[in-house]
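Quick notes on the structure that follows.
All chains are named by letter (A, B, ...) in the order of the sequence lines, taking the proteins before the strands, and each is independently numbered beginning at 1. Heavy atoms only: backbone and side chains are in, while hydrogens, waters and symmetry mates are out.
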Amino acid sequence: MSFYGRHPRPALKNSVDVQLQTAFSDGNWPSVIRLADKRFKSLKDPYYEAIKISAESQLDSAAEKCSVLVAIDALVKSKTVPDYDVLELYEWAARDFLEDIDYADTLGPLRARWVKANPKSPLAVQCLQSCLEYWDLVSAQQISATLDKANVNTTDRRYMYWSVLLTFLLSISPQCTENSRKIYSLLALKQLERAADITENSPKVEPTDRGLLTEEEFYLYFRVLRTLGFKEDYLNRLESPKLGALSQLKADRKVLFWESLDVLESWGEWDRIFDLCKQALSLGLDGETPEFYVCDLRIWKKLVAAASKVANEESALEEVQSILNRFIAIKDKANAMYRKNISLALLETTFRFPATLLTPSPDHGGLTPRVIQIGLFLENYYDRLAAFDDVKDYVSQLSFEEAKAFTEIVLSKMLEENSDKTKRVILKALEYKIRYLLTTCPQTLSHHPSVVDGEEQAKPYRCRFCSKLASLPCEHCLKQMIVEAADTHKQIANDAEIKDAIPKLDRDPRLDLSLVIGNALLKLAGLKPQTGDIAPSPLRDVDSGLFLRAVVVLDSQLKETPSDTGLRLLLVKLYLLLGCASYAQQIWIPMDVKRTIQDALSPLFFDRIGSLSPGLFQSTRGLMDPLRSYYSNSLRDSCPLRIWDAFSAGSYSSILDLTEYDSRLRRSSTLMMTLVEERRATRAFGGKLDGDIEVSPFTEDIGDNTELVNKTDYGSFTNLEGSQGPPIQDFVRLGPDLSNVRSHLSFLTEQYLDLLGFKPPKDYKPAKANEAAIRDRNYIIETLARLNNSLTMFLHKSETPLFLTSAEMTYNTVVSLLSASLLTSISTSRADPVPKAVCAIGSSVRSAFAHLRTSFYTPLPTGSSSSPPDIYSSVINFHTMSYVRDTALAMKYSAAFVISFHEKELARDRTGKSSLHKEVIAEMKALDAVATKALMELKKHVQKMKESLGEGGWLDRMLDWVFGLEEDDEQEDEVAKAVEQVIGGRAEAEEWVSKVLESWREGAKGWGMVRME
Amino acid sequence: MANFRRFRPEDLNKLSKCNLDPLTETYELGFYLQYYAKWPSLFQVAEDQNGNIIGYIMGKLESSPDVYKFSEHYLPWHAHITAVTVAPEARRLGIGKLLTEQLEVAADANDAFFVDLFVRSTNHKAITFYKSMGYSIYRVVKDYYGDHSSDPTKDTEDAYDMRKPMKRDVKLEHIRENGEKFEVDPNDVW
Ligand SMILES: CC(C)(COP(=O)(O)OP(=O)(O)OC[C@H]1O[C@@H](n2cnc3c(N)ncnc32)[C@H](O)[C@@H]1OP(=O)(O)O)[C@@H](O)C(=O)NCCC(=O)NCCS
């Protein structure tokens, strides 16, 4: 049997005659049944009966299909040792059921029983493999223990370690009963402790010994010790000259060393971290030739961090400096990467230690050792792509005086001393990025009294660079930067020599200039981080003209540097904010996010996409299919992917990591996003859903307590923001990131809609209608109670509003209220008193909904320097619009559900006792009326939007909007000119305007197809 | 800015700096995990200070299946570089070289005759990179790739099979001087 082929048909025993063999391999099941039955009767060999049963299970009728399950059950109960070939046959024949029946209660124990009776058979390992394929850890552990016992003196060490490892895995798995957990933990730990003792105490471990020998065995030991053992034991063994981290490191094995740094840090063991890192680095210096293998930046950072935490900081610093100086002395022999790490270690030391401990330098104002060190580092690396990222965190930490000295003295001097035109341009681009960064750092501003001479001040700060009144960041400095960066841009455009040199550079300096201009414009426009309670559209209070200028600058840069992913990702996000989903998609596609990287990267485009642009699901067939098939492929088996490969290779640490990764992937918020976005889109166009979300194989094990994990990767964003404030992605995302809370709420609201949408099959006529009705009612009540409980639990968490947009908050709250209302309505029949709560909840629903609609229809605030056309407020509000619709529909469907329930009860039970109160029905009708009216209104809104976008004259209107601002101050006028010049004039923007318009039209067209009922 | 360490599955959530670059192929999850399961020490990464992966190498140790033992194309025990990539921002710092050297150390420790790899015949940067470390062309595999990286009018591209001898190949029997002239069919390589 092959592990990865999906259940290939097993070969029959050689003794089986050709006729039956042929029928079996042809899949001619009626013949197989007939022949096998005949053989069984004549030969009395139960194997033939098993063939017959297996063949029957391939037929269509339900009874026959299940015959193999009956046979398996009988085998389990019989307590006899099954025939191996029969097991193979049954496992294959029952393959379609194995998802549902518990392998651990059926075939697993049979396999374990077989191995117990045949421990030396080579087929025993196959049994282990089968149990692992179905992730039956209980049987797998038993089998491995049997195998270990049967193979004591073998050189194949895997038997022992399989057994230990499976005992450990079982002990931490939900498959283990609470009673046995302790025993298994103890067993795994004790076995490994014994192995560690053997290794510790014997001069040499032979392959037949039960000590620790291979790299992977050592790692397994330390992992188990960390999880199940005592801290003291772990610490002792970590320092053991034979087992410990350093001895491993000497053998070029870094894994344990790395792991132990994390463990020690979690325990706050800084003294030990200091010693360990110091010794590790000394290893590099002790040999005859320098060994830079240990010069990872992380080791340096940990060493320096630890030195500042140990008791005697001063002597620790001396030690750090002495090691560092020795490395600096030999640094020229190192690979460029390690050379850079050593330079960064020097920077790290300078920043981590109090100034008093560093070599004192005469007071040059802000020209401190920290500033000088950044300068020295940049002298070597300023023209490298990573230069800015390398120094960013350090620059953010500079005091204002230092920052001033850094930009005005150090950077200026570097510029002055560099006569190469191209290099000067690179340096200037770096300088602007650093100046931008500094505008995001609060230390460059001082507080300004909020009231001066009895007048309230609009700007709370004074910028310490330009002395102007400012908010965070300083507008004057930003504008200044835009003008200067545009000037440099122009200089490049006019200089053939520089332009020729650009292709040979690490990075086109114009890209950095555009990024600075773009980011500065976004800030000037007033873009704020999208965390927590946000306005209906993040762009609502943003100056649209400035925002669009930022976009056009960045967009025209993308034409020059199409392969820069940082720029591409930023534009994707900006276009999504702008309601241009189809254009964002065009920019997204060339990045070719596919296969494995989808889990971490797809949310960058797909999160909330259905609420922004349902039409994309119509214009792109199978929009999210690649994501869904990624999860189907990766999570198809119940066991972690490739787990047997790791078992058979003896890669024990890989087994533990693969198991953890698998569990994480099954709980991915991206996976939940995929399911929910697809369902919402399908529903929007009246399509048929694949079944209830709760029965999807992906959600099987997800309960309220399952932590759904967000692993969105923002690593490729170009982030010019200071490290104290939020990163760029928080500014340009439509709302809060994916989260456990949001994923659960989406999952629950989908389940609620599933319940409302349930229709029994047309030909379903239960024999006992009354009993069935009671059962249905109970089921509805139970489901509603569960959903309401869970929704309320998530919504009541104090931090929940931080994870949702305000539209999502309203929608989820309304659904939660509706579930409560339905629960009360349906569980209160006319025989009970009128449920007052229903009316109260109804009025809460209506007021929440009214609030959402008001925020949607409220015109944009006026007063910004540009006046956008009316349509703008619609396109930047698609997300809220989507939730106005969804909330209205949830109300409508809920009302319809109650009314239909009531009518069915009336028809069934003529006494009228089990139908609902008229007050309840009236309330539901009222809800329906409000929702219906809102949907009509929305339909008109969409129609109007489409018509308006279809009118002529847009191109000029847009250009006027973006470029034709009446600037009332000289600096703003300069900014406007700068932007025009960077993009090559107003005419150049025409193509861009048409793309934006086209995308809005497409979006509106998609909305026109969305059902409003 | 960098750390070198063994790959861990959660690194797959941090691949964007490498894999959004068009020259780097993204595989199915099972492919990465297979390497991690079977040859964990031959899967090494470089990460930056924020945990982003800025380079990785993925390799394996194997020989051709026994049934080809007597074929002229049979490959004895050797290490194979399946993928090596460095993020654009971290190139020309020796990261690629360090990663490859680590794999070579492992190849020697496992008694391999040589290390080999396939590279697109138009990927001049990578070819220079390998040559700088002592790899040479052993043979040309005609139309090995089902697409062409730079010429849209072509739908296939040749691969160079490049090799570097390891300590076990004392007599340098597994490399040749004029490998460019040896052309083989994709069916001849496993
Ligand atoms: C090929 C690649 C892995 C090189 O990684 P790298 O970390 O930049 O390479 P290194 O810095 O270690 O370079 C080592 C030596 O290779 C040579 N080299 C590397 N890149 C080169 C280039 N672009 N041009 C010329 N020589 C180059 C140089 O001799 C260099 O030594 P030097 O810098 O001291 O002159 C990297 O460019 C890459 O990821 N490319 C895209 C993916 C790819 O093509 N992979 C190979 C598929 S088979």
Open item on the list: Can you tell whether the side chains of E25(B) and R595(A) come within less than 4.0 Å, N to carboxylate O?
Closed with: yes
Task: OG1 on T24(B) to CG on D592(A), rounded to 0.5 Å - done: 11.5 Å
Open item on the list: Less than 4.5 Å to any heavy atom of chain B: does that hold for the side chain of Y338(A), its backbone, both, or neither?
Closed with: side chain
- [ ] Mind checking the NZ-CD spacing from K254(A) to Q44(B)? Nearest 0.5 Å is all I need.
- [x] 8.0 Å
Task: Atom pair CG/CD1 of N3(B) and I299(A) - distance to nearest 0.5 Å - done: 7.5 Å
Open item on the list: For the interface with chain B, which of D252(A), D296(A), T712(A), D389(A) has the highest count of heavy-atom pairs at distances below 4.5 Å?
Closed with: D296(A)
Task: Part of Y219(A) within contact of chain B (heavy atom distance under 4.5 Å) - done: side chain
Task: Atom group of S653(A) that falls short of 4.5 Å from chain B, counting heavy atoms - done: both
Open item on the list: Please output the residues of residues 27-39 of chain B in contact with chain A, using a heavy-atom cutoff of under 4.5 Å, in numerical order.
Closed with: Y27(B), E28(B), L29(B), G30(B), Y32(B), L33(B), Q34(B), Y36(B), A37(B), K38(B)
Task: Option in L569(A), I655(A), D390(A) with maximal non-hydrogen atom pairs under 4.5 Å from chain B - done: D390(A)
Open item on the list: With salt bridge (Lys or Arg N to Asp or Glu O under 4.0 Å) as the rule and sequence neighbours excluded, what pairs involving residues 65-88 of chain B come up?
Closed with: none
Task: Residue D599(A) versus chain B: region with a heavy atom under 4.5 Å - done: side chain
Task: Side chain / backbone / both / neither for N50(B) at chain A, heavy atoms under 4.5 Å - done: neither
Open item on the list: Does any part of the side chain of L601(A), heavy atoms only, come nearer than 4.5 Å to the side chain of L20(B), both counted from C-beta?
Closed with: yes
Open item on the list: Could you measure the distance from the CZ atom of R5(B) to the CZ atom of R298(A)? Nearest 0.5 Å is fine.
Closed with: 8.0 Å
Open item on the list: A side-chain contact here means heavy atoms from C-beta on lying under 4.5 Å apart; do K17(B) and T565(A) qualify?
Closed with: no
Task: chain B contact via I597(A) - side chain, backbone, both or neither, heavy atoms under 4.5 Å - done: both
Open item on the list: Is K711(A) in contact with chain B via its backbone, its side chain, both, or neither, using a 4.5 Å heavy-atom distance?
Closed with: both
Task: Non-hydrogen atoms of D713(A) and S16(B) that approach each other most closely - done: OD2-OG, 3.0 Å
Task: Rounded distance (nearest 0.5 Å) linking atom OG of S651(A) with atom CZ of F43(B) - done: 13.0 Å
- [ ] Could you please state which residues from residues 657-668 of chain A sit under 4.5 angstrom from chain B, measuring non-hydrogen atom to non-hydrogen atom, sorted by number, or 'none'?
- [x] D657(A), L658(A), Y661(A), R664(A), L665(A)
TODO: Identify which part of Q598(A) has an atom lying under 4.5 Å from any heavy atom of chain B, answering side chain, backbone, both or neither.
DONE: neither
- [ ] Flag the one option from S654(A), A336(A), G566(A) with the top tally of heavy-atom pairs under 4.5 Å to chain B.
- [x] S654(A)
Task: Heavy-atom contact with chain B under 4.5 Å, split by part of Y630(A) - done: side chain
- [ ] Mind ranking K301(A), E216(A), R568(A), R339(A) by heavy-atom pairs under 4.5 Å with chain B and telling me who comes out on top?
- [x] E216(A)
Task: Residues of residues 78-115 of chain B with any heavy atom under 4.5 Å of a heavy atom in chain A - done: P88(B), E89(B), R91(B), R92(B), L93(B), G94(B), I95(B), L98(B), V105(B)
TODO: Please state whether the side chain, the backbone, both or neither of S716(A) comes within less than 4.5 Å of a heavy atom of chain B.
DONE: both
Open item on the list: Do W258(A) and R6(B) make a side-chain contact, defined as non-hydrogen atoms from C-beta onward lying under 4.5 Å apart?
Closed with: no
Task: Residue R253(A) versus chain B: region with a heavy atom under 4.5 Å - done: neither
